[in-house]
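Right, one structure below, let's go through it.
Starting from 1, each residue takes its place in the sequence as its number.
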Amino acid sequence: MLYRQTSESSEAQHMRYFNQDGDINVNQGGIYYCRGGRGGGSYPVSYTEVSDKVTIQETVSNKAVVTLQPNSPLIYSGETITVRCEIEGGGNTRWEYEWRENNKVSSQKDKEFRISASSSSNVIFMCKGRRDLYSSTEWSKTVTLRRSLNKAKPTLTADRYIIPVGGDVTLTCSVDSSADWKYYWFRRDSGSSALQSITNVKPVNKVSEGGIYQCRAGRGDPEIYTEDSRAVTVWKAVSNKAVVTLQPNWPEIYRGETVTIRCEIQGGGDTKWTYDWRPANLNTSPTLSEHKISSSGGYSCRGLKDPYSFTEWSNVFRLTVSYPPASVLTVSRLWLSPGDSVTLSCEVEHPSAGWRFYWYKTIPKLSDYSSIYELLPGSINGTEQDSYIIHGPTHTAGYKCRAGRGDPVYYTQYSKPGFVWSGDVHSAVTLKVSPDRVQHFIYDSFSLSCEGNFTKWRVRRFPEDRYRSDCYNWRSITGSTCNIKRYQQSDAVYWCESGSGEFSNAVNITIQKADIILVSPVHPVTEGQSVTLGCKLRTGELLSNVFFYQNDKLIQNDTRRELKISAVSKSDEGFYKCKYSGEESAQSWMSVKVSRPENSSSLIRFIVGLVCGVVLIILLILLYRYRRSKDSHSVRPIQSESTNQDSATHHMVNLNETQDPIYNSLLHGDVCVYESIRGSEDHENDSHSVRPIQSESTNQDSATHHMVNLNETQDHIYNSLLHGQSSN
């Protein structure tokens, strides 16, 4: 027989009989025991003792589930969470609950209980529901609750950090996977301004204004808040455009030069902008709209309308800084004829980029081999034009130029010197060459000397050679010559420089490797003089049957060994060469100088004045005689105490009467008289500018007195003209 108890103290319930095998199936939990018996019928039944009790537990089909409220696997300092055991399909059954924490039986018997973040350890929960002592669910799946002694800190992210024109930026605030959080948003206009609350409890926020954004979250009752999120800065792009400009607007600057870059905001109006620059080392505080720079790089800027609203970055302006440029001087002509003008031209890279040009004349420096540079007239502040005209130079001279721009002025390097040469031997310093010819055989030495009124001299040549000759050293006048040695020879132009800064005539010397040279004068030949050209072999033999050419045209091919020109004219100027036995010399230029009187203009004025003076004297004499003849009939002569002076006295009276027409003639531009006065102005002794003509009359007194008084009259008239006096 089988018995079941629902508890240790409950009355046993007789369940049923066993079958012959002693087996029975049960489907309820409880305490079971049994006993056996036999007999029956006419015999009494005898029973065995009661068996040991067996406890049977029944597992019900309901499912236990551990839930957390709020539904977060992590709680933070100050937070409390409810742990609950839910029986799925439990209906109205009065369940009892069993808990396990970290796989240990818990004392908790309630359906739910609260737990706080009192420690930082994790807790693993399991539960099951018990309908009675011997009927229960299976154990639930484990739920792990993590605990932190810190406050929660939300994470704030942005899909981008610049609000495009007309667009927005999406901000997302998140704590963990829990959906129970409420979110709170804040914005401020600057790092020091107060937070402004934004009404929005959702984790996603779309913003269209620049600023500093933060968020935090809260949950529970009472609500527990997280820490504030990190700050996220959002900028707003405005529609204005930033442009980098350069002042002065030079595409290239040079080492040591400074320019100003400026950030200009198109359509910026009256807004008070501040500026950001790239590279960042330009962002000094406060940020400025312009900077002075002197280094290569790419520069860009943007304008800030407020701390969080700005333009887009400008295009990159690339500035190149180069090594200082050298100016290049060119000279319009190298060899001068008397009265020639010379145009200097100075060239520098980017000539339109604000350059002004400075022009210099080289002056020898006695202390060393160098020169000093003296500004030419009118170029102290530079010239806008890249050319400079020197009117009528007649002497050899050296020039340099350089360019400058900016304030303070940044100068290029000096140009290499440019020279103009004059062959005029009438200059204050004269260069002599020995032997006196243009062409010289290679390895033959020649000597140079400077003559003039100076104490120091040296010889220069162009181009310079790496072997600097002794002639380049300063010499006293007593050192009469210097020699150009064989290893110092090269085709060059030579001239003298004096210690006082004067330059001599220049000569062109060529060094020939051939076996034949032309013998031609090294200095220009004056028109009207004679000149002899010859031909010379390296062996030194004098040649006959020599052909001579002028400008490649044969001009002499007879047995003579020299070309003689008895009276040189300008048409004889040109290139000459000679030819002998199939060998031909190099060409050399023979210059012809026009013969002019040293003071031709003064001589012309003197002659004109002399002629006009003579004519004037004759007119005065004729006028005097006419008036005297007339006065003898109408005016009684003034009597002198001495009878011997009658003629002179009468002449003086009548001369005074003739001064008015002479003066009037001067005032009205009488050419002859004016030229006579101009002629007298050009000479030291005005009274001798016109030589008197003596009369053939035997009575000389009257004419002599006339000339004396005429000179006195001319002085009076000349002085009146110089000082602007009028006739009385």
Checklist entry - Do NZ/NE/NH1/NH2 and the carboxylate oxygens of Glu527 and Lys570 come within less than 4.0 Å? => result no

Checklist entry - Which one of Tyr373, Tyr358, Tyr360 satisfies the side chain to side chain donor-acceptor pair (under 3.5 Å) criterion with Arg402? => result Tyr360

Next on the checklist: Is there a side chain to side chain contact (heavy atoms under 4.5 Å, CB included) between Leu563 and Ile555? Walk through the geometry before answering.
Outcome noted: CA-CA 9 Å; Leu563 173 64; Ile555 58 174; 3.6 Å; yes

Checklist entry - Cys535 versus Ile516: any side-chain heavy-atom pair under 4.5 Å? => result yes

Next on the checklist: Using a strict threshold of under 4.0 Å (side-chain N to carboxylate O), is an ion pair present between Arg356 and Glu384?
Outcome noted: yes

Next on the checklist: Under a 3.5 Å threshold, yes or no: a donor from one side chain and an acceptor from the other, between Gln512 and Thr510?
Outcome noted: yes

Checklist entry - Should Val420 and Leu334 be marked as a side chain to side chain contact (heavy atoms under 4.5 Å, CB included) after you check the CA-CA gap, both sets of side-chain angles, and the distance that decides it? => result CA-CA 5 Å; Val420 292; Leu334 300 179; 5.5 Å; no

Checklist entry - Crowded around Ile380 CD1? As in, over 12 foreign heavy atoms under 6.0 Å? => result no

Checklist entry - Given Val331 and Tyr399, is the side chain to side chain contact (heavy atoms under 4.5 Å, CB included) satisfied, shown in steps? => result CA-CA 9 Å; Val331 182; Tyr399 300 97; 5.7 Å; no

Item to check | Pair Arg538 + Asp444: basic N to acidic O under 4.0 Å | outcome: no

Checklist entry - Side chain of Asp386, backbone of Glu347: donor and acceptor closer than 3.5 Å? => result no

Checklist entry - Once you round to the nearest 0.5 Å, how far does CG of Leu620 lie from CG of Leu616? => result 4.5 Å

Next on the checklist: Would the distance check show the side chain of Glu257 and the main-chain N or O of Tyr411 forming a donor-acceptor pair, the cut-off being under 3.5 Å?
Outcome noted: no

Next on the checklist: Using only atom types and a distance under 3.5 Å, with no angle test, would you say the side chain of Ser566 pairs donor to acceptor with the backbone of Ser530?
Outcome noted: no

Next on the checklist: Would the distance check show the side chain of Gln439 and the main-chain N or O of Ala586 forming a donor-acceptor pair, the cut-off being under 3.5 Å?
Outcome noted: yes

Checklist entry - Phe575 versus Asp552: any side-chain heavy-atom pair under 4.5 Å? => result no

Checklist entry - What distance separates Leu246 CG from Ile261 CD1, expressed to the nearest 0.5 Å? => result 8.0 Å

Item to check | salt_bridge(Lys456, Glu497) N-O dist < 4.0 Å | outcome: no

Next on the checklist: The test is side chain to side chain donor-acceptor pair (under 3.5 Å); show your working for Lys292 and Thr258 and say whether it passes.
Outcome noted: CA-CA 6 Å; Lys292 291 188 178 296; Thr258 299; over 6 Å; no

Checklist outcome for this item: In this structure, CH2 of Trp359 is separated from CD of Gln385 (nearest 0.5 Å) by 9.5 Å

Checklist entry - Within a strict 4.5 Å, meaning less than it, do heavy atoms of the Trp589 and Tyr576 side chains meet? => result no

Checklist entry - Do His523 side-chain atoms and Leu431 backbone N/O form a donor-acceptor pair below 3.5 Å? => result yes

Item to check | Heavy-atom closest contact (Leu329 atom, Ser415 atom, distance) | outcome: CB-OG, 3.5 Å

Checklist entry - With under 30° as parallel and over 60° as perpendicular, where do the rings of Trp421 and Phe419 fit, or are they tilted in between? => result parallel

Checklist entry - Of the non-hydrogen atoms in Ser588 and Val438, which two are nearest, and what is the gap between them? => result OG-CG1, 3.6 Å

Item to check | Any side-chain heavy-atom pair of Leu319 and Tyr299 under 4.5 Å | outcome: yes

Next on the checklist: Can you classify the ring geometry of Phe446 versus Tyr494 as parallel (below 30°), tilted (30 to 60°) or perpendicular (above 60°)?
Outcome noted: perpendicular

Item to check | Flag, side chain of Ser296 to backbone of Val321, donor-acceptor distance under 3.5 Å | outcome: yes

Checklist entry - Where is the tightest heavy-atom contact between Gly378 and Thr383, given as atom of each residue plus distance? => result O-CG2, 3.9 Å

Item to check | Nearest non-hydrogen partners of Gln550 and Ser571, listed with the distance | outcome: NE2-O, 3.2 Å

Checklist entry - Does Asp558 use its side chain to pair, donor to acceptor, with the backbone of Arg560 at less than 3.5 Å? => result yes

Item to check | Nearest-0.5 Å distance, CG of residue Asp340 to CD1 of residue Ile390 | outcome: 12.5 Å

Next on the checklist: Would you say that Tyr549 contacts Gln587 through its side chain, given a criterion of any heavy-atom pair below 4.5 Å between the two side chains?
Outcome noted: no

Checklist entry - Is there a side-chain contact between Val342 and Leu344 (heavy atoms, below 4.5 Å)? => result yes

Checklist entry - For Val592, does its backbone N or O pair with a side-chain atom of Glu573 as donor and acceptor, under 3.5 Å? => result yes

Next on the checklist: As an exercise, state the distance from CZ of Arg460 to OG1 of Thr362, rounded to the nearest 0.5 Å.
Outcome noted: 7.0 Å

Next on the checklist: Measuring from atom OG of Ser341 to atom NE2 of His391, what distance do you get when rounded to the nearest 0.5 angstrom?
Outcome noted: 6.0 Å

Checklist entry - Counting distance only, does the side-chain N/O of Ser585 pair as donor-acceptor with the main-chain N or O of Cys578 below 3.5 Å? => result yes

Checklist entry - Of the non-hydrogen atoms in Tyr410 and Pro324, which two are nearest, and what is the gap between them? => result OH-CB, 3.3 Å

Next on the checklist: Within the 4.5 Å heavy-atom criterion, are Thr430 and Asn505 side-chain neighbours or not?
Outcome noted: yes

Checklist entry - side chain to side chain contact (heavy atoms under 4.5 Å, CB included) between Ser327 and Tyr414: does it pass, once the steps are laid out? => result CA-CA 6 Å; Ser327 299; Tyr414 285 100; over 6 Å; no

Checklist entry - Are Arg437 and Lys536 close enough that some pair of their side-chain heavy atoms sits under 4.5 Å apart? => result yes

Next on the checklist: Ignoring hydrogens, what is the shortest heavy-atom contact between Pro248 and Val259? Give both atom names and the distance.
Outcome noted: CD-CG1, 4.3 Å

Item to check | Any donor-acceptor pair under 3.5 Å from Asp436 side chain to Pro521 backbone | outcome: no

